[in-house]
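Report on the following structure.
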Number of protein chains: 2
Amino acid sequence: MTTARKAPITLHDVAREAGVSLATASRSLNGSARRVNEDYRKRVLAAAAKLNYTPNTSAQAVAKGTTNTVALLVADIADPYFSSIAAGVIRSAEDAGLIVTMAATERSPERELTLVRALRGQRPRVLILAASRVAEEASQDALIAELAAFEAMGGRVVFISRNELDFDSVLVDNYGGARQLAEELIGLGYRRFAALAGDLSLLTAQDRIAGFTDGLAAHGIELPPDRLVRTGFTRDGGHAGMLELAGRGLDDVELVFTVNDVMAVGAMSALRESGREPGVDVGIAGFDDIQTARDVTPALTTVRIPLEEVGRRAIARALLPSPESGEPATPTATEVMLRASTPGPRPGG
Amino acid sequence: MTTARKAPITLHDVAREAGVSLATASRSLNGSARRVNEDYRKRVLAAAAKLNYTPNTSAQAVAKGTTNTVALLVADIADPYFSSIAAGVIRSAEDAGLIVTMAATERSPERELTLVRALRGQRPRVLILAASRVAEEASQDALIAELAAFEAMGGRVVFISRNELDFDSVLVDNYGGARQLAEELIGLGYRRFAALAGDLSLLTAQDRIAGFTDGLAAHGIELPPDRLVRTGFTRDGGHAGMLELAGRGLDDVELVFTVNDVMAVGAMSALRESGREPGVDVGIAGFDDIQTARDVTPALTTVRIPLEEVGRRAIARALLPSPESGEPATPTATEVMLRASTPGPRPGG
DNA sequence: GCCCTTCGGGAATATGCTTTCCCGCAGGAC
DNA sequence: GTCCTGCGGGAAAGCATATTCCCGAAGGGC
């Protein structure tokens, strides 16, 4: 009984068991356009239950020419930003009877392209690209071409937080959120800012920085170039960036904005290592509102993105009839969350 | 050019383009046992590249009778414990040329069973169950039966942190880690403990509590029943549990152990709300060593599990020849990480 | 009462691919 | 020079399912 490897039971077996034809069995089980006599139907269902039959989805896919698969591409599934989005995607894909397959680009555009190509082999119904876009990118055109081919053969492409003409997308108001954040921070009394910009080749980082600096500019405040540190888009990037900033000896900085929360967390840690207390000595603000932002001490001021909902909206859009041309979907609203990490500048500042 | 929906190009097209037979085209592209003339092979490859051909994996699966799919079942993808494991799984599955599909049980045994059944339709090569086991469970037998059927038809089952006879697993030394933690905390001088036990119907929670209490017992210390709070296995569960504990007015408790890190984080937050400072007034220790444990203040003492590696080991084991009977794999070692949340009891305690 | 629909079961075909099987051809042994 | 062997191309037979097409039977209209 160990290595018996008995073949999985097929629709054939069910049909035989029920004493009906293959066609009738198929029709009974997945309710086609054709109706089937109630007696037969029951017999088939009973046989299927008795044999513990499960339709072979691959065979169904081949026969029908479509799958029930959603392919999701993220940069790094261990990053809370992406795992929250993934949770939303999985949840609502499941509600729609879709299976989701995931792959990680590890933030490499080349890998992204390779994966898209490979994923195309799966003939997924929809392909969701959540890995952020890089501004300058040789493989960009190749990606677009690949995706266009994918859509031409009937698949649906949805970008997350990345506006790509000709493709559908769930947008996030990165610019607006960052701008609003800047203004509210000014409202708290902050005047001297610095920013950790993540990798500026990432459009998301660019947008947030642009929104933030514009928000400052609207109040006549400038963000001097030497106070904008380019660094990795990760926690460790934030850590390194803060050390770099400290190394520049800008002692009068009142608030450091990082383009995402994980960087803020790294920055806070670096700040402490250099003997200063986040919130007290220097304000910190991030972007995304990952769970950790609320758990960290002091709680992190940030811009909230409803991450799970973004995931849900992605598959919702994918299931809608094709928008026929990228009417660029109203961006998901963001919300500034002021918390303890930005109590306002210290009186003696 | 919008709704053209041109059919995806098939192996047929490639063969025609290259002027060879279907068989030769197939053999050239996936290197079968049969060799094919180098000239032909090149012609086929060129044709495939020119047409931008991608094999239809569903068709391949049907023809071969196997897939390249790994199905991964987790409780909640947004939980860092699971997303870290998932990251490991995805990474090394990909190295092995496997695609991973994910689903979330939302911690419901019924859902788990339903999903396993549905996933079976995919005929995955391996099925990884990472959602924790519930002790008393009506659907348990059904699950086992389902999985046995799955293995009988050639699939591989790997449990994560859950020892199920007859199935392979990657184990985690929950008991040993917790026990070691208890002893080290005693070494720091702590004597009066309490614990937030998560849902005690979860075996993982049980093991950790057992290890912890046994560790205490080895030094003649007891964990009175009224100091063990059953609560949810989540962050909010930890929060609620800590409030509950505080409500019991046990003011002499020096250290609170929570069965996982997310609960510890919730507990720290609750502690602050009730006016006490984690680490200073009460020590806190968790389990898992998720990233946040290091980012929180004070940094959380915990028991480290190499989560990503656990994921990698899961697919590594799945790819090995079947162990033929559950020799229960040496458990993955855990490591106690003493951090600032347990500086030792306050002198005046 | 006859003809025309409609209903619905079943045989057969299609899907895109792998693999078996057949067969021709070239090369080596004697 | 014949026979045998082995290499490798191509036709064809699967794989598990969906769907088209055919056809008999039942029902309704006049």
Side-chain angles (χ1 to χ4, degrees), chain A residues 5-45 47-48 51-69 120-124 153-154, chain B residues 5-45 47-48 51-69 120-125 153-155:
Chain A
R5 180 178 292 224
K6 59 174 173 265
I9 50 105
T10 73
L11 187 58
H12 232 105
D13 304 321
V14 175
R16 183 155 18 83
E17 173 79 21
V20 301
S21 78
L22 222 74
T24 303
S26 171
R27 293 197 264 250
S28 307
L29 288 174
N30 59 16
S32 74
R34 282 280 291 272
R35 279 192 16 179
V36 23
N37 181 295
E38 188 57 21
D39 279 356
Y40 281 154
R41 217 180 61 84
K42 274 198 207 139
R43 262 194 0 233
V44 172
L45 262 41
L51 299 179
N52 195 12
Y53 168 74
T54 322
N56 182 325
T57 54
S58 295
Q60 291 190 140
V62 172
K64 290 208 281 218
T66 25
T67 63
N68 286 323
T69 299
R120 211 184 41 171
Q122 298 229 82
R123 308 282 187 271
M153 76 193 220
Chain B
R5 180 177 291 223
K6 61 174 169 260
I9 49 106
T10 74
L11 185 58
H12 231 105
D13 303 322
V14 175
R16 182 157 16 85
E17 173 80 20
V20 301
S21 78
L22 216 69
T24 304
S26 171
R27 293 197 264 252
S28 307
L29 288 175
N30 61 13
S32 75
R34 284 278 293 271
R35 281 194 12 181
V36 21
N37 181 297
E38 187 58 20
D39 279 357
Y40 281 157
R41 218 181 60 85
K42 273 197 208 140
R43 267 207 337 246
V44 171
L45 262 43
L51 298 179
N52 195 13
Y53 168 73
T54 321
N56 181 325
T57 54
S58 294
Q60 292 189 137
V62 172
K64 291 208 281 220
T66 25
T67 62
N68 286 323
T69 298
R120 212 183 44 172
Q122 298 228 81
R123 309 282 187 270
R125 215 203 217 18
M153 75 190 219

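Numbers restart at 1 for each chain; the letters A, B, ... are given by sequence-line order, proteins then strands. These numbers were taken from a predicted model, which means no experiment stands behind them.
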Please report the shortest heavy-atom distance between [X] and [Y], naming the atom on each side.
X	Y	value
A:Ala25	A:Ala15	CB-CB, 3.9 Å
B:Asp13	B:Ile9	OD2-CA, 3.1 Å
A:Thr67	A:Ala61	CG2-CB, 3.7 Å
B:Arg43	B:Gly19	NH2-O, 3.8 Å
A:Tyr53	A:Leu29	CE2-CD1, 3.6 Å

Any N/O pairs under 3.5 Å between the protein and nucleotides 12-15 of chain C? List them or say none.
none

d([atom1], [X]; [atom2], [N]) in whole Å:
X	N	atom1	atom2	answer
A:Asn56	D:dA16	CG	C1'	6 Å
B:Asp39	D:dC7	CG	P	18 Å
B:Asp13	C:dG16	CG	P	9 Å
B:Gln122	D:dA16	CD	P	17 Å
A:Leu29	D:dA16	CG	P	16 Å
B:Met153	D:dC15	CE	C1'	14 Å
A:Arg120	C:dG16	CZ	P	14 Å

Check: B:Val62 main-chain N/O paired with A:Ser58 side-chain donor or acceptor under 3.5 Å:
no

Please step through side chain to side chain contact (heavy atoms under 4.5 Å, CB included) for the pair A:Thr57 and A:Asn68, ending with a clear verdict.
CA-CA 8 Å; A:Thr57 54; A:Asn68 286 323; over 6 Å; no

How long is the span from the CG atom in B:Leu22 to the CZ atom in B:Arg27, to the nearest 0.5 Å?
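One gets 10.0 Å once the value is rounded to the nearest 0.5 Å.
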
Atom OG1 of B:Thr69 and atom CD of B:Gln122: how far apart are they, to the nearest 0.5 Å?
6.0 Å

Below 4.0 angstrom from OP1 or OP2 of [N], is there any side-chain N or O of [X]?
X	N	value
B:Gln60	C:dC17	no
A:Asn30	D:dA18	yes
A:Tyr53	D:dA16	no

Estimate the overall bend of the helix from C:dG1-D:dC30 to C:dC30-D:dG1 from the end axes over five pairs each, rounded to 10 degrees.
40°

Have a look at A:Ser28 and tell me which of A:Asn37, A:Val36, A:Val14, A:Val20 forms a side-chain contact (heavy atoms from CB on, under 4.5 Å) with it.
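Going through the options one by one, the only one that passes is A:Val36.
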
Upstream residue (5' side of DNA chain D) when A:Pro55 and B:Gly19 are each assigned their closest nucleotide
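With A:Pro55 and B:Gly19 compared, the 5'-side residue is B:Gly19.
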
Report, one pair per line, the protein and nucleotides 5-9 of chain C atoms (nitrogen or oxygen only) whose separation is under 3.5 Å.
| from | atom 1 | to | atom 2 | distance (Å) |
| --- | --- | --- | --- | --- |
| C:dG8 | OP1 | A:Arg35 | NH2 | 3.1 |
| C:dG9 | OP1 | A:Asn37 | N | 2.7 |
| C:dG9 | N7 | A:Arg34 | NH2 | 2.3 |
| C:dG9 | O6 | A:Arg34 | NH1 | 3.1 |
| C:dG9 | O6 | A:Arg34 | NH2 | 2.6 |

Give the C-alpha distance, both sets of side-chain angles, the deciding distance and a yes or no for side chain to side chain contact (heavy atoms under 4.5 Å, CB included) between A:Arg123 and B:Asn56.
CA-CA 7 Å; A:Arg123 308 282 187 271; B:Asn56 181 325; 3.9 Å; yes

